[in-house]
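None of these values were measured; they are calculated from a predicted model.
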Amino acid sequence: MPILKTLNKARIPVRVWTDEIEPEAIQQLLNVANLPIVYQHIAAMPDVHMGIGAAIGSVIATRAAIIPAAVGVDIGCGMNATRLSLIADELPDNLSTLRDAIEKVVPVGFAQHDFDEARSDTHMRVVRLLDTRLDTIVGKHPELTKMQRQFANTWRAQLGTLGGGNHFIELCFDEARCLWVMLHSGSRGIGNVLGRYFIAEAKKEMQRHQIHLPDKDLAYLKEGSEQFDDYVEAVSWAQDYALFNRQIMMQLIVEALRPLLPPFSIENEVINCHHNYVQQETHFGKTLWITRKGAISAHVNELGIIPGSMGTKSYIVRGLGNEQSFCSCSHGAGRRMSRSEAKRRFNSLDLAKQTEGIECRKDSSVIDEIPGAYKDIDQVMTNQSDLVEIVYTLKQILCVKG
């Protein structure tokens, strides 16, 4: 049965789909709920945990304003999943060659593509689509180029790259033992630059208008201001960049796998969804800005992806359109502990045990992503059974970490 409780200690209620939430995250939810721009209630998903300013796993509806720090700096971070026409018996027993092939074509961590090399038609088409729009944004805010070295070229070279942290690429089987490719990434360095810049601009706006906040990271931009319009333009650009970034990676992965596997095609189930983003939607009869900070859209019949931790299960879901969550659901399992705490508690032997049977790195550099650092994905799914229904259950067999 789903868990839904209401916190009534702020200007508007906070609806929470879990009992597993730390006091710091509760305080962040209440801080947001006290802002005058927030409408109706705050929705906290079952994977909710402490973030910067606003809790990760929260859905925030605002009227005529947006909180840039609630959107975050990995603007448009999200998931992509594709089912292939292959079944388990058609894969090699040793998956290391597949992992090697993926790691050769998709740069991870701080690595990026050599943009001077011949790029694919898809890559160049995306660059052309994005280039003019970015020129407009930077033309209004030339300070942006000072925030990232070689700004003009870095974003092009990072298209089709994974990044680090909790970003990943996985091969998975569903219940019918059909093969899926799934990945998690966002808007890379350029999204970080745009996010940090407009968070700082929002803080300046609060100082200019002498607006006092429970947390300085909850600074917001109001409709009608030039900064608001410019942020909407920039965040839309970064969200598109993130979407294209995942599409290019998926194309690179699929083509890298073709020589190593029997002939296959891409099935109809292709899903690409954000979980750190903002967009206008209509809820409770009002046109609102909906910020999903670590949450995905779950409108009626909308397909989404909810990954578990490294070494557990993930889910392809269909939205139920629950208005109490602003038609949203969780974006994953959610962290149970910080990265530093995970490194303190666990070692490489623990990681090897918890990822047994999965082709992946098992060294100390990825201990912070150990399954034990995350909430139980099955409990998370139980808690939101009124938000989504499960379409496919995926089990990882290979994982590439950033």
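Within the 4.5 Å cutoff, the side chain of I316 has heavy atoms near those of the I271 side chain. At least one side-chain heavy atom of T355 sits less than 4.5 Å from a side-chain heavy atom of P371. By the 4.5 Å heavy-atom criterion applied to side chains, R83 and L179 are not counted as neighbours. H283 places a side-chain heavy atom less than 4.5 Å from the side chain of E323.
Between K140 and E233 there is a salt bridge, since at least one side-chain N of the basic residue sits less than 4.0 Å from a carboxylate O of the acidic one. Between R336 and D376, none of the side-chain N atoms (NZ, or NE/NH1/NH2) sits under 4.0 Å from a carboxylate O, so this pair counts as no salt bridge. Checked for salt-bridge contact, R258 and E255 meet the test: a charged N lies under 4.0 Å from a carboxylate O. The pair R133-D240 meets the salt-bridge criterion, with a side-chain N (NZ, NE, NH1 or NH2) lying under 4.0 Å from an Asp/Glu carboxylate O. Contact check on E302 versus R318 returns no salt bridge, with no Lys/Arg side-chain nitrogen under 4.0 Å from an Asp/Glu carboxylate oxygen. Between K5 and D19 a salt bridge is recorded (basic side-chain N to carboxylate O distance below 4.0 Å).
A parallel orientation is assigned to the rings of W237 and Y241, their planes being inclined by less than 30° (bins at 30° and 60°).
Checking side-chain atoms of E90 against main-chain N and O of I87 turns up a donor-acceptor pair under 3.5 Å. Not a single donor-acceptor pair under 3.5 Å links the side chain of H123 to the backbone N or O of I248.
You'll find the ring centres of F228 and Y220 outside the 6.0 Å limit. Residues W289 and Y39 place their aromatic rings such that the two centres sit no closer than 6.0 Å. Side-chain rings of H141 and F198 approach one another, their centers coming within less than 6.0 Å.
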